[in-house]
Structures are given as structure tokens and as C-alpha cells.
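Structure record follows, encoded as C-alpha cells.
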Amino acid sequence: MTVVQLTDVTKRYQSGEGTIEALSGVDFHADRGEMVTVIGPSGSGKSTMLNVIGLLDTPTEGTVQLKGTDVTAFTEDELTEERRSVIGFVFQDFHLLPMLTATENVELPSMWDTGVDRRDRAVDLLRRVGLGDRLEHTPDELSGGQRQRVAIARALINEPDIVLADEPTGNLDRDTGETILEELTALKTNEDVAIVAVTHDDQLVAYTDRVVELVDGEVSA
Ligand SMILES: Nc1ncnc2c1ncn2[C@@H]1O[C@H](COP(=O)(O)OP(=O)(O)OP(=O)(O)O)[C@@H](O)[C@H]1O
Ligand SMILES: [Mg+2]
């Protein structure tokens, strides 16, 4: 089942030097249970594409569908609700709050949700990524790989259909990167989510089901 579909998406930015076309007529989809990696040179539009998929940015032209629903004309409130319920983000620099423990960081995206026991779910997710013995540690008491695993656990707290990751192994040594990739692979299979990752890292490409290459804002054939 297709979770996200971009159809003929063009994104233009206006700046001092004129108009920049960051994405040009991009078609893209990601299905449940697969990991898709987006590669391409610096400036080719990878982050822009991830932002459009994650509903953090809207296309200038073209459509975005989430689980079969066209969200292109959604209001900001509706987009926020879709983001919360469908999408999990793993940012390159983790975006963990330094004053909060690992458990509190994982709970954070679910604060609006009063109907579930968030603490239990956060603890369960941290155990699953191998951090059951680091629940009360703050980010500065964790290694880079452990922080990345907290970020992955946090991305899962709202049971997303798709996880978006910008350079998930970017700041990690090779062994730690390997562990993170094994976790993402397990996640894809066990939770039946789609994973879309942006990377420069060949190690990550080896773990993916499909590679999409961007060149100058276009998907290269
Ligand atoms: N907010 C913005 N305003 C103006 N131009 C932008 C904006 N965001 C991105 N761009 C331009 O759009 C193009 C694509 O940028 P993008 O960040 O998507 O590239 P990227 O493939 O992620 O590059 P990198 O590998 O260096 O992260 C670049 O030419 C960039 O300068
Ligand atoms: Mg980028």
C-alpha cells in the first residue's frame, strides 16, 4: 500500500537572485514495508523533497497524497494533524531537548494525546531500540548512536505510517551506523512502515529496497 505519493511536484523558491527551481516535475511514492533512499549531489533538492513529503513545505505545483488522500489543499491545521498522526521524523541533528530524559524526549510528540499511557509506550520503544537501561539519561549522557536511537524511538511514539530520516547515519561511526540501519530495517518489517531516508552514505544505500536519484531537482531515470 502506498503511503505517500508525489505527482509532478515542482517547488520554486524566490530569492534575491531570482527564482530557484529546487524540484522539477518530481513523481515519487513510498509503500509500507519498504525503505527508499534519496541520493543526489548537494543542492539537488533532497531536503526539499523530504520537507514536501513531510508536509513541512508545500509544492508550487503538483499534488501530494497521503494514504490516498490529496492533502495539497489542506489548511495549516489539517497539515499539522496529518503530520502528527501519519509521519515520524528523524532529524539529522536529532533535535533532542537537553533538559529532558530519554523517556521524556520520546514522549514529547504525544503530549497532546491524553487517551494513551504515553510513558509506558515511550519506555517500551526505548527498550526495543536497546536503551532500556538509559531511560533516565539526558542527551549529554548518551553517545551519538544512543541519541540517534532515542530519536528513532521518538519518531515512532505516534505510530506513524511513514518515517522520514535526513542522514540517519550522518554523524555516526560505521559500526554504530550499522546498528541503526539494522534497527530501521527491523522497524520497516515489524511496524510495516515506509521509510524514506536522504543520505550521502553508501552504507545506507546497501540496506535500502529502492534508490531514487535526484539531479538538479529532477528524478534521474
Ligand atoms: N528556503 C529556500 N529559499 C531559497 N532557496 C532554497 C531554499 N531551500 C532550498 N533552496 C535551494 O534549492 C536547491 C535545493 O536545496 P536542497 O536543500 O533541497 O538540496 P539538498 O539536495 O538537500 O542539498 P544538500 O545535500 O547540500 O543538503 C538549492 O539550490 C538551494 O539553494
Ligand atoms: Mg539537504
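Values in this document were obtained by computation on a predicted structure and should not be read as measured data. When a ligand or atom number is given, it counts from 1 through the structure's own listing order.
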Got a list of side-chain donor-acceptor pairs under 3.5 Å for residues 214-221, not counting sequence neighbours?
none

TODO: Flag yes if more than 12 heavy atoms outside Met1 fall under 6.0 Å of its CE atom; otherwise flag no.
DONE: yes

Open item on the list: We want to know whether Asp140 and Thr138 form a side-chain donor-acceptor pair, criterion being a heavy-atom distance below 3.5 angstrom.
Closed with: yes

Open item on the list: Residues around ligand 1, heavy atom under 4.0 Å from any ligand atom, sorted by chain and number. Can you pull those?
Closed with: Tyr13, Ile20, Ala22, Pro41, Ser42, Gly43, Ser44, Gly45, Lys46, Ser47, Thr48, His200

Open item on the list: Any donor-acceptor pair under 3.5 Å linking the side-chain atoms of Glu178 with those of Tyr207?
Closed with: yes

Open item on the list: Taking the basic N atoms (NZ, or NE/NH1/NH2) and the acidic carboxylate oxygens, is any pair closer than 4.0 Å for Arg121 and Asp117?
Closed with: no

Open item on the list: Within 2.8 Å of the Mg ion (ligand 2), is there any N, O or S atom belonging to Ser42?
Closed with: no

Task: Straight-line distance of Leu66 CG to Thr2 OG1, nearest 0.5 Å - done: 11.5 Å

